[in-house]
Amino acid sequence: MSTTLLSNLNESQRDAVSSPAQQLAILAGPGSGKTHTLTSRVAWLLASGLQAQNIIVATFTKKAAKEMQERIGKLLGDDREQKLILGTFHSISVRYLRSYGYLIGIKKGFGVADQHDSETIIKRIIKKNNFMADPKATKNKISGRKAKGGWGEKMEKAMKSNNKEVQQIDAIYTEYEATLKRANLLDFDDLLLRCVDLLRDHPQCVSNIEAVLIDEFQDTNLVQFDLMRLMAASRKKVTIVGDPDQSIYGFRSAEVKNYLSLLRQYPDTITISLEENYRSSGAILAASLKIIQQDTSRINKSLLATHTVGTRPVLRTLESAEVEGDWIMHEIRRCVTLTGDLITYGDVAILLRSAYLSRHIETYLGKAGVPYRMVGGRAFYDRVEVRLILYYLRVISNPADNNAFAEVVNLPKRGVGDVTVKSLIEEADQKRMSIWELMENGPLATGLSAKARNGISRFMKIIKDARKMLSDEEGHTIASLMKHVIEAVELEDYLKKTYPEEEDYQSRLENVKEILALAEEADDPESPDYNDEPLPEVDGLEQNELSTPLSNFLAKISLATDKRAKDAEGEDKPRVTISTIHAAKGLEWPVVFIPGAYDGSIPNGRADDTDEERRLLYVGMTRAKALLYVSYPLIDSRRESTRPSNFLTPTSLLLHFGQKGPSFSKQNVVPDIAAILRLEVPKITFTPDELPLPSQEDDLWPEDGTAKARPPKTWDQWDGTAQYGEPRKSLAHDRPLIDKRNMEPWKPSYTTTMTITPAFSTAAAVLREQPVNLGGAGSAKRPYTFDDDEVVDKKSTKRSTKRPDGQPSLAAYFGKPQNSKANEPATTITAARQTHTTQPSVSLPRLNHRATLSQRGNPRTAIPAQIAPYVPPTICPTLSRHRIGGTTSTATNRRNIRAFTPPESNGSKYIFLSSSPPRPEPGRKEREAPRLPMPSNSINSIVTTAARSASLHTTTEDRARAQPGRKSYGARMGMGGWEKRMGGSGSWKPPSMADR
DNA sequence: ATTACAACCTTTTTT
DNA sequence: AGGTTGTAAT
């Protein structure tokens, strides 16, 4: 068992999983197999004799918890994973509070106040007191203080403080807490704080706990750190996994410093770093590393590419946010079309700093018929119809919940307006009771109109009826309560009236059904309701259930971040994903766009921690496997002019980005993508005329973002984009952009043998788009578009003599010592490339093949064994397939799940290599604790790793010729096939089955 | 005076 | 999409 467990891991992962250390810190860079390692660690602990019910695994998101449980389940093969105490910090806290909360005076049936509730309460308090504070900011401040361990002494200081603002927040805080208490609500921070109280005062609750494992440790705040310590108090066996570079929740009081606190708290902590990246191309990693290294205060940590260098990331300037949307749509189409079926819509993600930035993008995707789904958009639970039902249930569960009462007393409209509600709340507050009690008990100071009074009593009647059902012996399932509400408010009629559009109405009805189904699931004792095992009995401690099935159901939903984007019909259809960067953490896609990379957006104007904004960009970039596009408009959606993000302007970045999308007709672009995705290189055959694209190149918009007129594109049916020079408005957005064929991803026809002719490429353009363009003639001409004088003016002269600091030399890329003359190989490359581009057409490699279509019509094929990329022994096939997060398209998943057979050892057949050579790791065995990771030469290591891959894997004649010294690396990996193919003839031929 | 509705403006990130 | 503001209807 243990051997099987470990055989799926690389060396450092194995060390981590099987470490006997009491306290273990795993620093895991992006794409390093973090989840895999953590799940294996859990399995390992179980195998070594720990009991599942005595292990706590805390994650940060519900999604992560779910995935973790599934993966542990798969690893174990029995049902023990069900017994783990596994969930988000918040949900684990709720479980403890439910069972033991009585010990610290928590009242039965307590509810959870979510973000929205907290905000409305604060808003009301602000209004009532005529404060000028911003509710959201205030909420964050209050939450921040609570997350730092409560109000305590700080409040006392504040009382004495003369600072008006502090005093104000203080007043709001006091009233806010009182309101929550009266309504028997705990907010998110309370859940953690109260649980800390509980475990501190009654450590017996966790006396059974044998091990505590924390995921995404860099996102924990001080309270969560305390919680971890308290949970682990009895055996002090702790494993944490995290990456300081991916700390993006500082705004929510996450403390990167917690890692240091850990070392202080447990001086014997062993730290192990996972450095190999199994996700991204070398070029993407190199660029990402450049970004994150701008933060000089960070713990330097290296990142080692295991994939080929691949195509340079793109940094694109566009005229406006609108054009940016249009451009993204075209680039997506270009990717999908020109790579054959290597890339589908499901492989593409658009990651945003802010959700609202999606507007223009959605418009254009919608117009072009590109299917997409929005993650982190309005959640399922935020839909009006769902909220209505849930808030009714909350009043039913807890009539003292004024918030919920106010939310739905006039939904649907019953003639109870804002004014009435407001005065009721105020009176109730004054009398220290709930509105409900107020209405039940006493004479009202508030004068109510007959209409309002009538409306309120109709509302209360519905609630009372439901509560009668609740106290009845039978018929008090959650679903039956829901049905009662749905009927009583005539929800269907209401929805039909409010949303007359049939489609809209139907989808809302679907949501109602969905929430009903959820309730039925919760009612069903048979359903495998994840994570609802009661806490294990602890000797000498009584559990006292504080929640009812209903309140538990509601609490769970409050904690559900899970945007139920379950579109049953769309499940099979690949879709472009649009998401915030935050919500994309832990996920990966072959192609990633990061639009809106302008100053004010990233870094965000409201953010006060620039380093965190930078990390956010880093997280976004490292989601990409093969292609990465960063872009910014010169005019944002508010029509204000912008400057590119400061993170992207340093000179040292120039080499790492291209200015526009790659030329897919260049011979290594598509094969490299295939290699990174571990797919067969598609056979691409079509005539240019048939291309459902206005251009094969990313040349529809000028690279500097100006609106200059461009030569009209001769492409039938194309009418939208040839009109540069017109004012922005006049782009023909409302006309159909593309003809019918484009509604579907293009599929290659196998009857026509064809080549792609670069329609508008000049030699210079082609040069500029070389996947790894390191400053040859093409880029020297008009290197980059930043309005950074220094760069534009000096570069062309400076480049050949002296490099700006931190700018890796060409030599570095090719693995030569830094001090060798850099421009020598450059000229050679240039010459070779020019020779190359004099050929009229460039063929993409043709490979015979295409096994039977895989399940459910997915036209893509996994790599058949005989042409599989070579994998060096250290890189385990399953790991390279590992994926974190499970929400990319099913098509993607399917492809990745496919068994991968390492090739037999006849190297000469392998064509598109991936993966870097094994890296010797001297001294790794005698690891000492605690150890701050990494020598600081990580820049070099990534660059040279990338360089080796380049020379090994990017298989063009010109590059091969440009590097006389290359063979010293190359021989190792069986270049025989290439040697033969290149044969010295000078005319490059794509590899094909004919060669076999 | 209160409520309902249409038109406009503004959007950080989330358990 | 939410919130705010202005205006018509009750």
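Per chain, numbering begins at 1; letters A, B, ... match sequence-line order.
Legend: residues meeting side-chain contact (heavy atoms from CB on, under 4.5 Å) with A:Asn511, ordered by chain and number and at least two apart, are A:Phe380, A:Arg383, A:Glu385, A:Val386. Residues that satisfy the side-chain hydrogen bond (donor to acceptor under 3.5 Å, both in side chains) test with A:Arg394, not counting sequence neighbours, are A:Asp117, A:Asp401. Residues meeting the ring pair (Phe, Tyr, Trp, His ring centres under 6.0 Å) test with A:His582, sequence neighbours left out: A:Tyr249, A:Phe251. Every residue was checked against the side-chain hydrogen bond (donor to acceptor under 3.5 Å, both in side chains) condition with A:Ser288, not counting sequence neighbours, and none meets it. In this structure, the salt bridge (charged side-chain N to carboxylate O under 4.0 Å, His left out) partners of A:Arg200, at least two apart in sequence or on a different chain, are A:Asp197.
Between the CG atom of A:Asn604 and the P atom of B:dT12 there is a distance of 7 Å, given to the nearest Å. A straight line from NZ of A:Lys585 to P of B:dT14 spans 12 Å, rounded to a whole angstrom. Atom CD in A:Glu612 sits about 12 Å away from atom P in B:dT14, given to the nearest Å. Rounding to whole angstrom units, NE2 of residue A:His116 and C1' of B:dT14 are separated by 15 Å. For A:Glu216 and B:dT15, the CD to P distance is 12 Å, given to the nearest whole Å. Residue A:Lys136 contributes atom NZ, which lies 11 Å from atom P of C:dG2 at whole-angstrom precision. Across the protein-nucleic acid pair, A:Arg383 atom CZ and C:dA1 atom C1' stand 11 Å apart, rounded to whole Å. Rounded to an integer number of Å, the gap from CZ of A:Arg387 to P of C:dA1 is 12 Å.
If you check residues 238-254 of chain A against DNA chain B, the residues with a heavy atom closer than 4.0 Å are A:Tyr249, A:Phe251, A:Arg252, listed by number. Within residues 403-414 of chain A, the residues having any heavy atom closer than 4.0 Å to DNA chain B are, in order of number, A:Asn410, A:Lys413.
Along DNA chain B, the nucleotide nearest A:Asp608 and the nucleotide nearest A:Asp189 are compared for position; the residue whose nucleotide lies closer to the 5' end is A:Asp608. Residues A:Ser354 and A:Phe60 both approach DNA chain B. Their nearest nucleotides, taken by heavy-atom distance, put A:Ser354 toward the 5′ side.
Ion pairing of A:Asp134 with A:Lys139 is absent here, as no side-chain N (NZ or NE/NH1/NH2) approaches a carboxylate O to less than 4.0 Å.
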Within the sub-3.5 Å range, which N or O atoms of nucleotides 4-10 of chain C have a protein N or O partner, and how far apart are they?
none

Between the protein and nucleotides 8-11 of chain B, list every N/O to N/O distance that falls short of 3.5 Å.
{"from": "B:dT11", "atom 1": "OP1", "to": "A:Arg606", "atom 2": "NH2", "distance (Å)": "3.1"}
{"from": "B:dT11", "atom 1": "O4", "to": "A:Arg359", "atom 2": "NH1", "distance (Å)": "3.2"}

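Here ring pair (Phe, Tyr, Trp, His ring centres under 6.0 Å) pairs that include residues 402-422 of chain A, with residues two or more places apart or in two chains, are A:Phe405-A:Phe459. Residues in residues 447-462 of chain A take part in these salt bridge (Lys or Arg N to Asp or Glu O under 4.0 Å) pairs, two or more places apart or across chains: A:Lys461-A:Asp465. The salt bridge (Lys or Arg N to Asp or Glu O under 4.0 Å) contacts involving residues 595-608 of chain A comprise nothing, where partners must be two or more places apart or lie in separate chains.
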(request) In sequence, state the C-alpha distance, the side-chain angles, and the governing distance for A:Arg124 and A:Asn403, and then conclude on side-chain hydrogen bond (donor to acceptor under 3.5 Å, both in side chains). (result) CA-CA 10 Å; A:Arg124 261 189 224 117; A:Asn403 231 23; 3.1 Å; yes
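With B:dT15, B:dT12, B:dT2 as the choices, the nucleotide that has an atom nearest any side-chain atom of A:Val419 turns out to be B:dT2.
Side chains of A:Asp187 and A:Tyr176: a donor-acceptor N/O pair is present below 3.5 angstrom, by distance only. One side chain, A:Tyr372 or A:Glu362, offers a donor N or O that lies under 3.5 Å from an acceptor on the other.
In this structure, A:Ile126 and A:Met132 have side chains that are not in contact, with every pair of non-hydrogen atoms separated by 4.5 Å or more.
Judged by the 6.0 Å distance and 45° axis criteria, A:Arg145 is not positioned over the aromatic ring of A:Tyr173.
Residue-level contact check: A:Ser449 touches neither bases nor backbone, having no heavy atom under 4.0 Å from any strand.
When the side-chain nitrogen and oxygen atoms of A:Thr420 are compared with OP1 and OP2 of B:dT3, one or more of them lie within a distance under 4.0 Å.
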